[in-house]
2 protein chains.
Amino acid sequence: MSRGELARQQSTHLVLAELKAACANCNLRELCLPAGLSNAELDQLDNLVNVRRKIKRGDALYRAGEIFDAIYAVRSGFFKSRVTYEDGRDQVTGFSMGGEILGMDGIGQGTHNCDAIALEDSDVCTIPYTRLEELSREVSGLQRHFHKMMSREIVRESGVMMLLGVMRAEERIAAFLLNLSQRLNARGYSPLEFHLRMTREEMGSYLGLKLETVSRAFSKFHNDGLIEVEQKFVRIIDIEGLKQVYAHHVN
Amino acid sequence: MSRGELARQQSTHLVLAELKAACANCNLRELCLPAGLSNAELDQLDNLVNVRRKIKRGDALYRAGEIFDAIYAVRSGFFKSRVTYEDGRDQVTGFSMGGEILGMDGIGQGTHNCDAIALEDSDVCTIPYTRLEELSREVSGLQRHFHKMMSREIVRESGVMMLLGVMRAEERIAAFLLNLSQRLNARGYSPLEFHLRMTREEMGSYLGLKLETVSRAFSKFHNDGLIEVEQKFVRIIDIEGLKQVYAHHVN
DNA sequence: TATGTGTTTTGATGTGGATCAAAGGCAATC
DNA sequence: GATTGCCTTTGATCCACATCAAAACACATA
């Protein structure tokens, strides 16, 4: 597959699916909120998830401080989440792709804690929170799965803490590429070649590194025969080698 | 108050409260899972939270990999949560004190993701998860508050990511002390003098720093007249000065 | 009181990644 | 196809924190 086709495949909205409103016919249902629900339960969820929203590249799905009233399921596209600190410093705290849930940070305090910015034209399902609460009192499978998604977000973040707290630069970047690869794979895309949706700077912000360091690591991986990189296009040549980058550290 | 008394006050179990089983009479109820529930609702919760467990200093409340079947509310004492990576490297991902909930990381995959280790003799309430699910289908206040606690854990962790990703050593340590201070204050303890329950190394692990760096920062803060430190005892002398440590960074 | 063990402090030195700087590449718009 | 505005790469230098080392200290147990 050429790079151009790959880019198109990953960002094309699924026009057919847009004709049907919601989860029952969504090809992401096994990854998303409805995972594990019965058909009858799915129908109930469909009544809840009826508002779709398109977000243009660069625009915010929500911003820190805004009133929280819904969570969002990414239907297509790609987002970054970004926390801005009082003094203006900010950090990217995550990247989200199809089937992943955004906005759960807002439940605790009633306002969003971060900005969710689309890194490409994107499409989300809006899930009003109070109605989700109501429905998950009736549909225990939904309740359980929603809890799981929140819990997994907690676990994901402690993984990032590990990354930031104990790994060195190249390990972080290898781990990041492998994580992306695995998530793309779960969505039916090639795990070995893909387009990065974020800049080196955004990647660095997420990983606690400067963009120059990210760039140098990419060059090093390329020289070591682990990957091919051309701007935002990445091809993983030696996935085992990439895994060894952080398996074989010196303690 | 002398340092000895302070230490005793913070670690003494509340013998009287132990006679009553659960939440309705717990002095932590405003901070803990039952926050905001009506008296009737509290009574229902009392039926759920009936297993108490004592954990000795150094022992684990649970360990990574164990089957998850309950979350825990810290009643007295102090815990660290620790994630161990495949290759043996580990990181402290949090510290928990009275009224805080432990174990929510296990919901997603059905097994615990980290070890929870008592840093002093501690006392927890066991909350069986399936019963919590059932009850929160009936008691919407409980459902909502449980969601809030999970969400706050997500927000807390993104705060730590910020700390690890963008702050420098002294900022991290100042932020850490102020966070401890604020949490102790919310529990009725002095926000200005307290005993650290963790070693310099555990603090460093949490903050992504080496123990020597933590020690040096403490010495520096002492020389700058911000705090007094004597081993595990800390007195904050100039809380505003401490806040300025990370407010006045150079960008 | 002596002894061992783990914790903390402090100093000297090393280094990974930040910072500074400059050049080159890509894509959109005119 | 020239201009403009990012984004990326690469090199040179710097510095914050790690690492290495040693001594002091705290606390438990014999």
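Chain letters run A, B, ... following the sequence lines, proteins first, then strands; residues in each count from 1.
- In this view, B:R57 satisfies the side chain to side chain donor-acceptor pair (under 3.5 Å) rule with no residue, not counting sequence neighbours.
- Between B:R200 atom CZ and D:dT19 atom P the separation is 19 Å, expressed in whole Å.
- What separates CZ of B:F233 from C1' of C:dT8 is a distance of 17 Å, to the nearest Å.
- One atom, NE2 of B:H222, and another, P of C:dT8, lie 17 Å apart when rounded to the nearest Å.
- Partners of B:K210 by side chain to side chain donor-acceptor pair (under 3.5 Å), not counting sequence neighbours: none found.
- Going from atom CZ of A:F218 over to atom P of D:dT9 covers 8 Å, rounded to whole Å.
- Screening residues 173-189 of chain B for salt bridge (Lys or Arg N to Asp or Glu O under 4.0 Å), with sequence neighbours left out, gives B:E100-B:R183, B:E100-B:R187.
- Close placement of the B:F176 and B:Y206 rings is indicated, their centers lying within 6.0 Å of each other.
- Looking only at distances, a side-chain donor or acceptor of B:D105 sits under 3.5 Å from a matching main-chain atom of B:N113.
- The end-to-end axis angle of the helix from C:dT1-D:dA30 to C:dC30-D:dG1, rounded to 10 degrees and based on five pairs per end, is 40°.
- Residue-level contact check: A:T199 touches the backbone only, with heavy atoms under 4.0 Å from sugar-phosphate atoms and none from bases.
- Taking atom CD on B:E228 and atom P on C:dT9, their separation rounds to 14 Å, with Å as the unit.
- Qualifying salt bridge (Lys or Arg N to Asp or Glu O under 4.0 Å) partners for A:K232, counting only residues two or more places apart in sequence or in other chains: none.
- Heavy atoms of B:K232 sit under 4.0 angstrom from primed sugar atoms or phosphate atoms, though from no base atom.
- Protein atom CZ of A:R57 is 12 Å distant from nucleotide atom P of D:dC6, rounded to whole Å.
- Sorted by first and then second residue, the salt bridge (Lys or Arg N to Asp or Glu O under 4.0 Å) pairs involving residues 150-164 of chain B (not counting sequence neighbours) are B:E153-B:R156.
- Every residue was checked against the side chain to side chain donor-acceptor pair (under 3.5 Å) condition with B:D59, not counting sequence neighbours, and none meets it.
- With rounding to whole Å, A:L163 atom CG is found 12 Å from C:dG17 atom P.
- Residues that satisfy the salt bridge (Lys or Arg N to Asp or Glu O under 4.0 Å) test with B:E212, not counting sequence neighbours, are absent from this structure.
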Interface polar pairs with nucleotides 14-17 of chain D, N/O, under 3.5 angstrom:
residue: D:dC17; atom: OP1; partner: B:A169; partner atom: N; Å: 2.7

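- Phosphate contact (OP1/OP2 of C:dT10, side-chain N/O of B:S219, threshold under 4.0 Å): present.
- Every residue two or more places apart in sequence or in another chain that forms a side chain to side chain donor-acceptor pair (under 3.5 Å) with A:D115 is listed here: A:R82.
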Is there any protein nitrogen or oxygen under 3.5 Å from a nitrogen or oxygen in nucleotides 21-27 of chain D, and what are the pairs?
none

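- Whole-Å rounding puts the B:L211 CG to D:dT19 P distance at 10 Å.
- When the salt bridge (Lys or Arg N to Asp or Glu O under 4.0 Å) test is applied to A:R53, no partner is found at least two apart in sequence or on another chain.
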